[in-house]
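For ligands, and for the atoms within them, numbers begin at 1 and follow the listed sequence. Computed over heavy atoms, backbone and side chain alike; hydrogens, waters and symmetry mates excluded.
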Amino acid sequence: MKRGFNFSPGPGTLPLEVLEQAAEEMLDWCGTGMGVMEMSHRGKAFMSILNQAQDDLRELLMVPDNYKILFMQGGAVAENAIIPMNLLGYCAETPPIADYIVTGFWSDKSQKEARRYCNVNIAASSEGRHFTHLPRQEEWKLSQDPAYIHICTNETIHGVEYFWEPDLPGVGLPEVPLVADVSSHILSRPMDVSKFGVMYGGAQKNIGPSGMTFVIVREDLLDRALPICPSVFTWKTVAENNSMYNTPPTYAIYIAGLVFEWLKRNGGLKAMEKQNVAKAQLLYGYLDSSNFYCTFVEKDCRSRMNVPFFLHDDALNDKFFAGAESYGLLQLNGHSSVGGVRASIYNAMPLAGVQALVDYLRDFERIHG
Ligand SMILES: *Cc1c(COP(=O)(O)O)cnc(C)c1O
């Protein structure tokens with residue numbers, strides 16, 4: 001067996017230890033005589049897996065007690081509809097209005113879906129500058145009374161990350177929840193959950209396999225759903241049933257739980273942040289020193305998780321990707337809407353993987369530059 005370094009944006013690479021443990025437990029989980037995929041979700045064994053995963057996520061991210069952790073399905077894209085259906089039942093404006101900050105492909109997709117349910121105010125957008133910076137909060141043109149304000153704190157495709165948390169009480173909107181798509185950088189560093197009303201995302205970037213969506217929601221927001229919201233997507237119903245209103249994605253939850261334990265064993269989110277800073281510095285540092293490759297995102301909001309970059313001569317792209325693959329540097333192609341190269345360097349990517357990539361970049365530049 002030969003595993004490469006996998007730079008996929010998602011589903012992304014997982015820690016080797018986690019995969020090995022899952023392989024070992026595949027046929028018989030902890031002496032139960034059955035694998036996790038074959039267990040009733042309502043049995044004692046799976047309930048212990050679910051509760052432990054929730055507890056570990058709460059501990060890692062220091063989720064306050066007045067927040068519920070939900071494991072759902074449908075991915076972050078389904079949440080784009082589930083969010084308005086859960087929050088528009090409480091809005092002073094008729095028809096209701098929600099504010100969106102558009103900073104890349106994913107927040108744009110979110111606001112487009114929300115338009116099916118409410119008026120959308122684009123309070124700020126960086127599209128005019130090709131999503132290479134983040135509008136400062138002072139530039140946001142918020143509505144008087146929006147049902148919520150939505151941001152994407154790490155734009156997986158454009159490589160833009162918030163390193164600051166918006167301050168809504170500071171702009172006179174203390175009652176308005178801030179909703180954040182944190183799919184692709186959750187658990188990459190500590191975050192102040194209390195600044196958000198809702199944090200959500202798909203697991204398949206920095207947590208586990210696809211199929212599981214996490215929603216971290218403040219309890220007082222559970223009474224705002226529209227009557228049309230399907231029961232299975234109503235956060236309150238999901239919360240009251242401890243994410244078991246219907247069959248949850250059991251195997252994905254189990255793997256996520258193994259990843260949470262791996263994070264705890266490895267020093268938690270402070271240690272992850274340190275390692276992620278080192279990885280990002282190594283890669284951006286090399287790109288900045290080179291005239292052969294270029295990046296466009298402004299330095300103060302460059303994502304530590306997703307690093308898009310370009311060869312000046314994009315006629316060399318095919319050669320670049322083929323060479324990378326032959327060295328075991330996998331899935332480096334940029335998103336079709338952006339082109340170029342994208343290295344996703346999630347928690348499970350070791351520093352050695354980024355070093356191997358930088359070595360390859362240097363060699364390729366020496367030969368073709
Ligand atoms: C991947 C991704 C999505 C889409 O997630 P799905 O699970 O495919 O629905 C949404 N937002 C962000 C920030 C992402 O990285």
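- A donor-acceptor pair under 3.5 Å is absent between the side-chain atoms of T234 and the main chain of T237, judged by distance alone.
- A 6.0 Å sphere centred on CD of E138 holds more than 12 heavy atoms belonging to other residues, nucleotides or ligands.
- E155 and S107 are linked by a side-chain donor-acceptor pair at a separation below 3.5 angstrom, with hydrogens and angles left out of the test.
- Near ligand 1, residues G75, A76, V77, W106, C152, N154, T156, D181, S183, S184, Q204, K205 come within 4.0 angstrom through at least one heavy atom.
- F296 is linked by a ring-ring contact (aromatic ring centres under 6.0 Å, His included) to F310, counting only residues two or more places apart in sequence or in another chain.
- Looking at Q111 and R115, their side chains do bring a donor and an acceptor atom within 3.5 Å of each other.
- Around the CG atom of N66, the shell of radius 6.0 Å holds more than 12 heavy atoms that belong to other residues, nucleotides or ligands.
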